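Notes follow once the structure below has been shown.
This one's a predicted model, so the numbers in the text were calculated from it and none came from an experiment.
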Amino acid sequence: MTFEATPLNIALLVLVAAGIWALVELALTIRKARDVVDDLSHTANETVGQVQPLIGKVDGLMDDIQPSLKEIQPLLEKAGVALDEASGSLGHVNEILGDVSQVSAAPSAVADSVKNVAVTAANSVATAVNRITGRAARSSAAALAESVAANSDAAPAADPIPPAPQDNGYVTYGNKAE
């Protein structure tokens, strides 16, 4: 058989050579991959060997913790009940504070009423004295009543006599340091 050097035959020879080269490269790649897989398998086996004692310890800890978790469950339930009771108590404290607010508003209203009665009484006395003495209609009692009314509407001046602490209507507790 003779070989004719036609372009088709040359192309076939080049294709055969490329096929052989590809097979050799594939074999080399498979050999390298096999070495890498062997190394990976060896490393994974070593890692598993090192992790197994840790897993055994964790299993033992989990066995030890299981009874503790059963003991903690009632404590968690009691804590939930305590939180519910605390919420209810806070609701009662809110109601009490609302009542205290209403009670502390009542003395203020009483003080205003007493002041109005005092001013009215002073005006009546001043008018009666003016009739008896024959003075002018504007008396010192009326001026006093106007000044009291003006002071109650304006910002209060500094009181020379502070109110007694036991008369304020609030419960006062002693200092913790005492």
Side-chain angles (χ1 to χ4, degrees), residues 39-178:
D39 286 344
L40 241 138
S41 173
H42 181 67
T43 305
N45 286 335
E46 285 179 8
T47 305
V48 168
Q50 291 173 356
V51 170
Q52 264 184 328
L54 293 174
I55 291 174
K57 288 181 182 179
V58 169
D59 283 342
L61 286 174
M62 290 304 292
D63 291 340
D64 291 343
I65 290 175
Q66 287 298 334
S68 298
L69 290 177
K70 290 177 184 176
E71 294 170 5
I72 290 174
Q73 188 65 26
L75 292 175
L76 291 175
E77 291 172 4
K78 288 179 183 177
V81 169
L83 285 175
D84 291 342
E85 289 176 3
S87 296
S89 295
L90 286 176
H92 293 303
V93 168
N94 244 353
E95 292 173 12
I96 290 169
L97 289 177
D99 293 344
V100 167
S101 173
Q102 291 174 353
V103 167
S104 58
S108 174
V110 168
D112 289 343
S113 299
V114 169
K115 182 174 58 174
N116 290 338
V117 168
V119 167
T120 305
N123 284 339
S124 299
V125 169
T127 304
V129 169
N130 285 338
R131 285 187 187 158
I132 292 172
T133 59
R135 289 192 178 172
R138 179 167 170 80
S139 67
S140 61
L144 176 65
E146 288 177 5
S147 83
V148 167
N151 282 340
S152 67
D153 293 338
D159 244 353
I161 303 172
Q166 67 270 16
D167 293 335
N168 63 8
Y170 295 104
V171 175
T172 306
Y173 297 99
N175 292 335
K176 290 184 177 180
E178 293 176 2

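For the side-chain hydrogen bond (donor to acceptor under 3.5 Å, both in side chains) test, residues two or more places apart in sequence or in another chain that qualify with E46 are H42. For I96, the side-chain contact (heavy atoms from CB on, under 4.5 Å) partners are V100, not counting sequence neighbours. Every side-chain contact (heavy atoms from CB on, under 4.5 Å) that V58 has, sequence neighbours left out, goes to M62.
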Let me check something: any side-chain donor-acceptor pairs from residues 47-54 under 3.5 Å, sequence neighbours excluded? List them with distances.
unit_1	atom_1	unit_2	atom_2	d
T47	OG1	T43	O	2.9

